[in-house]
Number of protein chains: 2
Amino acid sequence: MSQQLLLNYISKYISLSKEEEAIFLSKISFRKYLKGQYLVQQGDICRFTNFVVSGCTRTFLVDDKGQEHIIMFGIEDWWVSDIGSFITQTPADYNVQCLENTSVYQFSYEDQEAMFESIPKLERLFRKLLERHLVSSQKRIVRGLSLNAKQQYQYFKDQYPNIEQRVPQYMIASYLGITKEFLSKLKKQLLQE
Amino acid sequence: MSQQLLLNYISKYISLSKEEEAIFLSKISFRKYLKGQYLVQQGDICRFTNFVVSGCTRTFLVDDKGQEHIIMFGIEDWWVSDIGSFITQTPADYNVQCLENTSVYQFSYEDQEAMFESIPKLERLFRKLLERHLVSSQKRIVRGLSLNAKQQYQYFKDQYPNIEQRVPQYMIASYLGITKEFLSKLKKQLLQE
DNA sequence: ATTAAAAGTTAATCTAGTTTAACTTTTTTT
DNA sequence: AAAAAAAGTTAAACTAGATTAACTTTTAAT
C-alpha cells in the first residue's frame with residue numbers, strides 16, 4: 001500500500017506508535033489528480049497540504065505581464081502546497097498543477113491543527129521538515145546570487161536528473177529564470193564540450 | 001528590560017503562562033557583540049540561534065572565487081543563525097557578522113531541545129516562525145525570477161527603508177546580486193526620474 | 001590635523017542572457 | 001494518416017548588467 005510510503009518517509013524524522021500511526025492515517029486522505037489538473041489555483045485559498053506519492057507537479061505564478069515563473073517541481077516524497085495561503089487561509093499566490101497523473105495524501109488546515117493537538121510529535125515532524133525546506137530554499141537563493149545560468153543548469157541536472165527527463169525543457173528554463181532559447185544554447189554548448 | 005521585547009514578540013504567535021515564560025527565559029542568555037564580531041563563522045558549527053534585540057547583522061558566504069554574497073540582513077526582532085548548521089550541528093556554510101554593536105538573546109541546540117520538551121508550545125512557536133520564514137524566502141526567489149535589478153532595489157528600499165540607511169551600499173548591491181557600480185547607476189536613474 | 005583606508009561614483013568597454021522571428025521536431029487530436 | 005498544436009532549435013540584433021579603471025567622498029587610524 002502507498003500508505004507505507006508515507007509512514008516510511010515520516011519515520012526518518014520521528015517514531016510513531018501503531019496507535020499514533022492509525023490516528024495520523026485517519027486524518028489524511030488519498031486522492032488522485034489527472035495530468036493538467038490543479039491542486040491549488042492562484043487566487044483560491046489553499047485548502048490542503050499534499051504529500052506526493054506518485055506523479056509530478058509544478059508550482060508557478062503568473063506575473064502582471066502574464067509571464068509564468070516556476071518556483072518548484074514536486075515529485076515522489078515531496079510536499080506541495082501554497083504554504084503562505086495554507087497557513088493563513090487566504091488567497092494563494094501560486095498555482096500547483098499536475099504535469100503527470102498524480103497521487104497524493106492530503107490534509108486540511110483543520111485536520112493539521114487537530115493532528116498537532118492529538119500527536120505533538122507530528123508538530124515536531126513538521127517543524128523539522130520546515131527547517132530542512134528553509135535550508136534548501138536559502139541555498140537556492142545563494143545559487144541565484146553566485147552562479148551563472150550554465151552553472152545553475154548543471155546543478156539542476158545533477159540534483160534532479162529525473163525531473164530533467166520528465167518535464168518540458170521550457171519549464172526548466174522558467175525554473176532557472178532564463179528563456180527557453182538560451183537554455184537551448186546552453187545545452188548545445190554543454191554537448192560540444 | 002529587553003526581555004520584554006522578546007516576550008512581546010513571542011506573544012504574537014503563542015500565549016505562555018508566567019511559569020512558562022520563566023522557564024523559557026531561564027534557557028536563553030543575553031549577549032552583546034561588538035561591530036565586526038561574528039555570531040557564526042563559515043566552517044564552524046553554529047552553536048546558537050540568536051534573536052536580535054538591537055543592532056544589525058549580515059549573513060553572507062564567501063564563494064570559491066573569494067566573492068562575498070550577502071544572503072540576509074538581521075535587525076531588531078529578527079532571528080539570525082546558520083539554520084542548516086544549527087539543526088545538524090555540522091560546519092556552517094555562512095558567516096553572521098555584526099555591522100553594528102549588537103545585542104541578542106540566544107540559545108543552544110541542547111537548550112532548544114530541552115525547551116521543546118518542557119514547553120511544547122515553544123515548538124509550535126518555532127514551527128510557525130519557520131512557516132513564515134519559508135514563505136518570505138520563497139517570495140524572495142520569485143522576485144529573483146520575475147523582477148529586474150531596478151525593481152528588486154525599489155522593493156528592498158520599500159520593505160526595509162531602515163536597513164537601506166544603516167548598511168554600506170556595496171552590501172546592498174551584494175544582497176541584490178548586482179555590482180556596487182551598477183547599483184550606483186540605478187540610484188542615479190531613480191533620482192533623475 | 002594628516003594620512004591612510006574604505007566606500008561610493010562615473011564612464012567606456014564588454015558579455016551573459018533577451019528578444020524576435022523563422023524553422024524543425026515531437027506530441028496530440030481528429 | 002493527416003492536420004494541428006505544442007515543444008524545441010537556430011541565428012541575428014539588442015540590452016541589462018559586469019568589468020575595468022580612474023576618480024571623489026567619507027570614515028577610521030595615527
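Note on naming: letters A, B, ... go to the chains in the order of the sequence lines (proteins, then strands), and numbering restarts at 1 for each one. Hydrogens, waters and symmetry mates play no part in the numbers below; they use all other heavy atoms, side chains included.
- When DNA chain C is scanned in the 5' to 3' direction for atoms under 4.0 Å from non-hydrogen atoms of chain B, the outermost contacting nucleotides are C/dA7 to C/dA11.
- Legend: residues meeting ring pair (Phe, Tyr, Trp, His ring centres under 6.0 Å) with A/Y109, ordered by chain and number and at least two apart, are A/F86.
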Passes ring pair (Phe, Tyr, Trp, His ring centres under 6.0 Å), B/F51 versus B/Y9? Steps please.
-> CA-CA 10 Å; B/F51 176 81; B/Y9 174 85; 5.0 Å; yes
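- Under a 3.5 Å cut-off, the side chain of A/D82 and the backbone N or O of A/G84 do form a donor-acceptor pair.
- For residues 165-173 of chain A, proximity to DNA chain D is found at A/P168, A/Q169, A/Y170, defined as any non-hydrogen atom under 4.0 angstrom from a strand atom.
- Close to D/dT27, at under 4.0 Å from its OP1 or OP2, lies no side-chain N or O of B/K35.
- Applying the salt bridge (Lys or Arg N to Asp or Glu O under 4.0 Å) test to B/E68 and every residue at least two apart in sequence or in another chain returns B/R58.
- A donor-acceptor pair is defined here as one N or O able to donate and one able to accept, closer than 3.5 Å; no such pair exists between the side chain of B/N95 and the backbone of B/Q41.
- An end-to-end axis angle of 50° holds for the helix from C/dA1-D/dT30 to C/dT30-D/dA1, taken from five base pairs per end and rounded to 10°.
- With values rounded to the nearest 0.5 angstrom, A/E164 atom CD is found 10.5 Å from A/D158 atom CG.
- Atom CD1 of residue A/I141 and atom OG of residue A/S136 lie 10.0 Å apart, to the nearest 0.5 angstrom.
- Here A/W78 contributes atom CH2 and A/I163 contributes atom CD1; the two are 5.0 Å apart, rounded to the nearest 0.5 Å.
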Once each nucleotide of nucleotides 15-20 of chain D is scored for protein heavy atoms under 4.0 Å, what B/S/- sequence comes out, 5' to 3'?
-> --BBBB
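- Here the CD1 atom belonging to B/I23 is positioned 7.5 Å from the OG atom belonging to B/S17, to the nearest 0.5 angstrom.
- Contact of the B/Q3 side chain with the B/Y105 side chain is registered, since non-hydrogen atoms from C-beta on lie closer than 4.5 Å.
- Taking the six-membered ring wherever Trp is involved, the centroid distance between the rings of B/F126 and B/F107 falls below 6.0 Å.
- Seen from the ring of A/Y175, A/R140 counts as a face-on cation partner, given the 6.0 Å and 45° thresholds.
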